[in-house]
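Each chain gets a letter, A, B and so on, in the order its sequence line appears, and its residues count up from 1.
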Amino acid sequence: MEDKKLLITPAPHIRSGDTVPGVMEGVIFALVPAMFAAAYFFGFAALQIILTCILACVVTEALWVYARKKDVRAYLGDGSAVVTGILLAFTLPPTTPLWTAALGGIIGISLGKHIFGGLGYNVFNPALVGRAFLTVSFPSLMTNWVFDGVTVATPLEHYAATEYITSYWDLFVGSIGGCLGETSAILILLGGAYLLYRGIIDWRLALGYAGTVVIFALLLGRDPIFHLFSGGLILGAIFMITDPVTSPIGRKARWVYAIGAGLLVMVIRIWGAAPGGVLYSILLMNATVPLLDRYLPDRIFGEVSKK
Amino acid sequence: MALKTFKRGTVAPERKEATRNQAIQKSSVPEKVYLPLAEGPGEPAKPVVKKGDEVKAGQLLAEAQGNWGLPVRASISGTVEGIVERALVSGQSGKAIVIAAAGEESSPALEPLGEKIEDLDPAAIITRVQEAGILGMGGAAFPAHIKLAPPEGVTIDTVIINGAECEPYLTCDEKIMEEKPEEIVKGLQILMQATGAKEGIIGVKGHKKKALEGLEKAAEGLPAIRTCALADKYPQGAEKMLIDAILRRRVPKGGLPFQVGVVVNNVQTAVAVKEAVLDGQSLLKRVVTVTGSGVNEPKDIEVYVGTLAAEVVEMAGGLKEEAGKVVHGGPLMGISQHNLDFPLGKSTAGLLILSEEEAHLPREWECIRCARCVDNCPMFLNPISLANFSQFDRLEDMERFSIMECIECGTCSYICPAKKPLVQRIILGKGALRAAQRKNAGRD
């Protein structure tokens, strides 16, 4: 027994089974229902765009990791590049040329993720950085809703032009014009329910964001249901605002972040000229995260209110 | 009835099956015991015996020093072999009195204080608790008599007995609750008498039905005493979490339980108090859980204080070939040991032996800022930020984010999907901050 080598490690000596790749797998699994919706409504084109984005993201990530002299296989194993690829594809119109989709992935992973140091260090959501780049570089491609020879305006565009409100049922099920992953609210919510059950996303972020939109719409006398289920709002509330890396850690900071983004969406939608309220609301709030975390520490156990 | 609990925290696996259904086994008298002059935060005791002296179990070997100090008493009868400098738990070294066993167990060295608890003098109880060498047996090793004598003007209205035993693997408290409920209730009554508390509550996890039933039966006809069924959460046994769960009172930041009128004692401490006061028996033995996949026959053993860990492990069938880590305490807060050459103390609740496979640290990933550490921290702290501040020596930030409030329960490291050593970094940060504060105080 004396010569037995005993291992010395700090406590705790048991760990939960959750891992970072496990979390990413959970997110990918939750995205599957909306992927089916995309395939159902937009057909083969949707699958091509999704696969292109995933491939572009994974290859770009591999090159960056290689260039930074890290273990490529170990880094790719976390699965985060796949998540970015799917999310980026979900924000693209079904008519997006494949080279454009790939470019979005390359820019998203490069300028959105690896120049900050890779997973966990990025300030902005990489998928949204990719999408924002495409929006400003190829505005006409990003708002081309001609599909199968028919021009379909998105519900928000339709509303902006004619104050026409798409039927709630169509909004909910997803038989509307729009980007790949943002049409079927119900299937996105299904994925969201799974993520909540797994404890992967925080309900505070989703509720703070969507709830602010509803309240703001009510206060302005707009249709809250329409605002909630149109555009990428539900996709944003479930999969974008809840991105752990780019949202605050503190609880108070999380509420401020989500509500701030909700206000920005409505400001952009109601008074802004450009589409993409969800995209810019989240990207802009991403920038505030370090400060929110630093200056809004939570009240700790047994701490008395300073009021 | 709904189970009581605190906010946040996590659910850890129990892993108590190996020892839960066996009775406590009594250890035979070991050949030698090594009794450290100090255990816990008090000053080391001053020896009053010398090499060659014959001593009886319970006899005073070293006198308590200072307010917080505890005396050392012989846990077995025998001959003093000397006072040696030796390895103690967790690689520390210190002076210990060595006794080689000889002769029979003897009658208690102290007189019972009385028979009727309600007639006992509170001050006499507190003195007796110190004389008997009683300290926090849940693992904290805090001198019990200090807890019982809060500052002038403080009213204690409730004594809570901590039977939560929230560390996985450990069952020694559960077994004590099942086997000695009457003693626990009597100990609680004595603690209430000592502090003037009107209410006594024993907190036990709701699924420990046998323990709860036994305690309820033992408390029958005593209106001031009740049990409280707790939810299965970690760290339910942390003092602040226990008080919050049972009484909905939160100990203020940086404070102690007496500030909300409460004294908390472990179940084994309660038994020790009862034996010291009513039987004149000093704290010479305690129940230790020896368990884990690296030991042949996991069991709860009543051991003599000062028995070497190696000997206690032999009582549990010895180490298996694949044993790879020895933990003093439970898996979440316990400290891994270099070897088994250290004496068990009064605050040793468990020896956990893990296999080599379980012993290795899991692979680390990049932190994805998922905030599970925040959402599970029972003290509502921000563990990942604290760990980062600690890594970069940002003392002001550590202070601003209340690093000293960390109770070191390990929930953050346990729950972390990136497997970051969060609590370890926070503990290092606390040390750095404490050192800096001491240095500043010296300068002023």
| field | Selection from S247(A), G199(A), P21(A), G22(A) maximising heavy-atom pairs under 4.5 Å formed with chain B | value | P21(A)
| Interface moiety of P362(B) toward chain A, non-hydrogen atoms closer than 4.5 Å | side chain
| request: Mind listing the closest non-hydrogen atom pair of V23(A) and P417(B) along with its distance? | output: CG2-CB, 4.2 Å
| field | Nearest non-hydrogen partners of R15(A) and S413(B), listed with the distance | value | CD-O, 3.4 Å
| task | Would you name the heavy atoms of L332(B) and A11(A) that are closest together and state the gap between them? | result | O-CB, 3.5 Å
| query | Is it true that atom CZ of R73(A) has more than 12 heavy atoms of other residues, nucleotides or ligands lying nearer than 6.0 Å? | reply | no
| query | Relative to chain A, which segment of P378(B) carries a heavy atom at a distance below 4.5 Å: side chain, backbone, both, or neither? | reply | backbone
| Proximal component of K240(B), with respect to chain A [non-hydrogen, under 4.5 Å] | both
| query | Of all of T411(B), D397(B), I335(B), L354(B), which one pairs up most often with chain A through heavy atoms under 4.5 Å apart? | reply | D397(B)
| request: Begin with the C-alpha distance, continue with both residues' side-chain angles, and end with the deciding distance and a verdict on side chain to side chain contact (heavy atoms under 4.5 Å, CB included) for K5(A) and H338(B). | output: CA-CA 8 Å; K5(A) 283 265 187 292; H338(B) 290 87; over 6 Å; no
| message | Quick check on the interface: out of G302(A), S16(A), P297(A), who has the most heavy-atom pairs with chain B under 4.5 Å? | response | S16(A)
| request: Calculate, to the nearest 0.5 Å, the distance between atoms CD1 and SG belonging to I201(A) and C370(B) respectively. | output: 13.0 Å
| said: Can you tell me how far apart CG (L352(B)) and NE2 (H13(A)) are? Round to the nearest 0.5 Å. | reply: 8.0 Å
| request: Verify side chain to side chain contact (heavy atoms under 4.5 Å, CB included) between V374(B) and R254(A), making sure each step is shown before the conclusion. | output: CA-CA 12 Å; V374(B) 174; R254(A) 272 181 251 167; 3.7 Å; yes
| note | Separation between CG (D18(A)) and CZ (R372(B)), nearest 0.5 Å, reads 4.5 Å
| query | Checking side chain to side chain contact (heavy atoms under 4.5 Å, CB included) against F301(A), which of E405(B), K253(B), R8(B), R250(B) comes through? | reply | R250(B)
| remark: Correct closest heavy-atom pair for Y121(A) and E366(B) would be OH-OE1, 2.9 Å
| query | To the nearest 0.5 Å, what is the distance between CZ (F380(B)) and CZ (R251(A))? | reply | 8.0 Å
| request: Hey, could you give me the CG/CG distance between N382(B) and D293(A), rounded to the nearest 0.5 Å? | output: 6.5 Å
| Using non-hydrogen atoms only, which part of C377(B) is less than 4.5 Å away from chain A: side chain, backbone, both, or neither? | neither
| said: Once rounded to the nearest 0.5 Å, what's the spacing between atom CD1 of I249(A) and atom OG of S385(B)? | reply: 4.5 Å
| field | Smallest separation among heavy atoms of G410(B) and P12(A), with atom names | value | O-CG, 3.7 Å
| said: Just so I understand: if I count every heavy-atom pair under 4.5 Å between each of R15(B), R249(B), E358(B), H360(B) and chain A, which residue has the most? | reply: H360(B)
| said: Taking side chain as everything from C-beta outward and backbone as N, CA, C, O, which of these in M333(B) sits under 4.5 Å from a heavy atom of chain A? Side chain, backbone, both or neither. | reply: backbone
| task | Could you check T19(A) against K419(B) for side chain to side chain donor-acceptor pair (under 3.5 Å), going step by step and ending with a plain yes or no? | result | CA-CA 7 Å; T19(A) 61; K419(B) 310 298 165 200; over 6 Å; no
| Would you say the side chain of L6(A) lies within less than 4.5 Å of the side chain of Q337(B), judging by non-hydrogen atoms? | no
| said: Looking at chain A, which one of V423(B), I384(B), V251(B), D375(B) has the largest number of heavy-atom pairs inside 4.5 Å, strictly under? | reply: D375(B)
| query | Quick one: do R369(B) and D243(A) make a salt bridge, cutoff under 4.0 Å? | reply | no
| task | Compare every heavy atom of Y414(B) with every heavy atom of I14(A), then report the nearest pair and how far apart it is. | result | O-CD1, 3.3 Å
| message | Please check: side-chain N/O of T9(A) versus main-chain N/O of L361(B), any donor-acceptor pairing under 3.5 Å? | response | no
